[in-house]
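What follows is a single structure, written as structure tokens, with notes after it.
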Amino acid sequence: MCQHQPPCPTADSPDREAARLTAHHPEQGWSLLCNGVLLFEDTGELLPDGQIIAPHRPSAAGRVVRAA
């Protein structure tokens, strides 16, 4: 799918999110990457083979916030 050099990571590689954007629709909450991965605003993903990757945002539960 990728036509530029160096080629983007494939959809099945661990660094698939590093692929270039092909389409970006922040108003709809999704982006299409060069490798065919649909990346959603909540960090979930839909791979070209239909596999769903659950959202993987870091949890804020362990973070301590202090007032200045």
Check your understanding: Any idea which heavy atoms bring T10 and S13 closest together, and the distance?
Key -> O-OG, 2.9 Å

Review point. Between CZ of F40 and CG of L46, what distance do you get to the nearest 0.5 Å?
Key: 5.5 Å

Review point. Would you say the side chains of E41 and H25 form a donor-acceptor pair under 3.5 Å?
Key: no

Point to revise | Separation of Q3 CD from C8 SG (nearest 0.5 Å) | key: 10.5 Å

Review point. Looking only at heavy atoms, what is the nearest atom pair of R16 and V37, with distance?
Key: CD-CG2, 4.1 Å

Practice item. Using the rule that two of Ile, Leu, Val, Met, Phe, Trp, Tyr join whenever any of their side-chain heavy atoms come within less than 4.5 Å, decide whether L21 and L47 are in one cluster. Key: yes

Point to revise | Enclosure of I52 CD1 (heavy-atom neighbours >12, cutoff 6.0 Å) | key: no

Check your understanding: Measuring from N35:CG to D15:CG, what's the distance to the nearest 0.5 Å?
Key -> 9.0 Å

**Study point:** Distance (rounded to the nearest 0.5 Å) between L39 CG and E45 CD
**Key:** 5.5 Å

**Study point:** Heavy-atom donor-acceptor pair, H56 side chain to T43 backbone, under 3.5 Å
**Key:** yes

